[in-house]
Amino acid sequence: MVKIAPSVLSANFAELKKDLDSIKACGADWVHYDVMDGHFVPNISFGYSILNDVAKVTDLYLDVHLMISHPRQYVEQFIKAGADLITFHIETMTNHETVHELIDYIHQQGKNVGISIKPATPVEDIIDYLDDIDLVLVMSVEPGFGGQSFQVDALKKIAKLKEMRNHHHYLIEVDGGINAQTGQACIEAGADVLVAGSYIFNATNRQAAVDSLK
Ligand code: DX5
Ligand code: ZN
């Protein structure tokens, strides 16, 4: 069954524990934690010190999505703060060696590794790493903000990644503009994990919102 990863970017940070408890009670599987640096993306969100607090008050799996220009420089702090999965963007990396080094480093710390691709980045750009990673994060909006509309081209990438999975083990996660309709289309294309921010946190009935994604 598909996993649901609510993005706390849309949570109320003054009531974060309440929101974390609420998504757990609604049957969320993971917490999706969007880190933005105001450089790789034109927005700033939160960093590892808040993650450290989040980790203390929830036992949900912590899915950390790094939308930052220098992931290697900060990854240790996010792992120390309690990340279970670290996903970095391929667009931030300059060469194969540094990608492999970062993947190996995260695995050596006993954590899972994902690579994310922006809407304009083809799946082909990460083919060399598919053997070594635990997850591919397909962005279905331009990273930076919650509440944008789903870009349908993501479905083709999901289907392609599913087709290519034969001898790999990665999960396929999709992020951006997910609601009951787009979520269903992603599941049909082959997604294993759905990230949803505004659809869940702004819902008048969160339970119904989570249920509608499964
Ligand atoms: C966008 C973030 C998403 C965002 C999704 O840059 O990576 O995780 O919170 O928000 P919605 O579900 O509202 O599109
Ligand atoms: Zn995200």
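We count ligands from 1, going down the list as the structure has it; atoms in each ligand are counted the same way. Worth saying up front: this structure is predicted, and the values here are computed from it rather than measured.
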To the Zn ion (ligand 2), the closest N, O or S atom belonging to D175 is OD2
Below 3.5 angstrom, do we get any N/O pair linking E142 and ligand 1? no
Which heavy atom of the protein is the closest neighbour of atom 6 (O) of ligand 1, given with residue, atom name and distance? G144 N, 2.7 Å
M139 backbone acceptor or donor facing K157 side chain under 3.5 Å: no
The atom name of the N, O or S atom in D34 nearest to the Zn ion (ligand 2) is OD1
Please confirm whether the backbone N or O of G114 pairs with a side-chain atom of D134, one donor and one acceptor, at under 3.5 Å? no
Starting from atom 10 (O) of ligand 1, which protein heavy atom do you reach first, and at what distance in Å? G146 CA, 3.5 Å
Just which atoms of ligand 1 are under 4.0 Å from any heavy atom in A196? 12 (O)
Same cluster or not: F201 versus V141, using hydrophobic residues (I, L, V, M, F, W, Y) connected whenever any side-chain heavy atoms lie under 4.5 Å apart? no
Please could you name the atoms of ligand 1 that G176 approaches to less than 4.0 Å, counting only its heavy atoms? 14 (O)
Without swapping roles, check the side chain of T87 against the backbone of H65 for a donor-acceptor pair under 3.5 Å. no
Side chain or backbone, does S198 bring an N or O within less than 3.5 Å of an N or O on ligand 1? yes
May I ask you to check if ligand 1 and I178 share an N or O to N or O distance below 3.5 Å? no
Indicate, as side chain, backbone, both or neither, the part of F145 found under 4.0 angstrom from ligand 1 when only non-hydrogen atoms are considered. backbone
Expected output: side-chain N43 to main-chain G144 donor-acceptor under 3.5 Å: yes
What protein heavy atom lies closest to atom 12 (O) of ligand 1? Include the residue and the distance to one decimal. G197 N, 2.7 Å
Ignoring hydrogens and geometry, is there a side-chain-to-backbone donor-acceptor pair from Y129 to V99 under 3.5 Å? no
Are the side chain of S45 and the backbone N or O of M36 linked by a donor-acceptor pair below 3.5 Å? yes
Checking distances from the Zn ion (ligand 2), one finds that the N, O or S atom of H65 closest to it is ND1
Test side chain to side chain donor-acceptor pair (under 3.5 Å) on Y199 and S212; report intermediate values, then the result. CA-CA 10 Å; Y199 181 64; S212 74; 2.7 Å; yes
Under a 4.0 Å threshold between the charged nitrogen and the carboxylate oxygen, would K118 count as salt-bridged to D125? no
Proximal atoms of ligand 1 relative to D34 (non-hydrogen, under 4.0 Å): 2 (C), 3 (C), 4 (C), 7 (O), 8 (O), 9 (O)
Closest non-hydrogen atom pair between F145 and P42, with its separation: CZ-O, 3.3 Å
Which pair of non-hydrogen atoms, one from D37 and one from S69, has the smallest distance, and what is that distance? OD2-N, 2.8 Å
Tell me whether G177 has any N or O atom under 3.5 angstrom from an N or O of ligand 1. yes
Of all the non-hydrogen atoms in the protein, which one sits nearest to atom 9 (O) of ligand 1, and at what distance? S7 OG, 2.9 Å
Near M36 (heavy-atom distance under 4.0 Å), the atoms of ligand 1 are 6 (O)
S10 to ligand 1: N or O pair under 3.5 Å? no
Atom 5 (C) of ligand 1: nearest protein contact (heavy atom, Å): D175 OD1, 3.5 Å
Distance-only N or O hit between ligand 1 and G147, under 3.5 Å: yes
Where the side chain of R165 meets the backbone of Y170, is there a donor-acceptor pair that is under 3.5 Å apart? yes
Going by an N to O cut-off under 4.0 Å, is there a salt bridge joining D21 and K24? no
If you count the atoms of ligand 1 from 1 in the order shown, which ones are under 4.0 Å from a heavy atom of L9? 9 (O)
Can you name the atoms of ligand 1, numbered from 1 with element, that are less than 4.0 Å from a heavy atom of V195? 8 (O)
Per-atom filter on ligand 1: closer than 4.0 angstrom to a heavy atom of H32 are 8 (O)
Would S22 and R206 count as a side chain to side chain donor-acceptor pair (under 3.5 Å) here? Give the steps. CA-CA 8 Å; S22 139; R206 285 186 188 167; 3.0 Å; yes
Looking only at distances, please establish whether an N/O atom of ligand 1 is found under 3.5 Å from an N/O atom of M139. no
Heavy-atom contacts with M67 under 4.0 Å: which atoms of ligand 1 show up? List them by number with element. 6 (O), 7 (O)
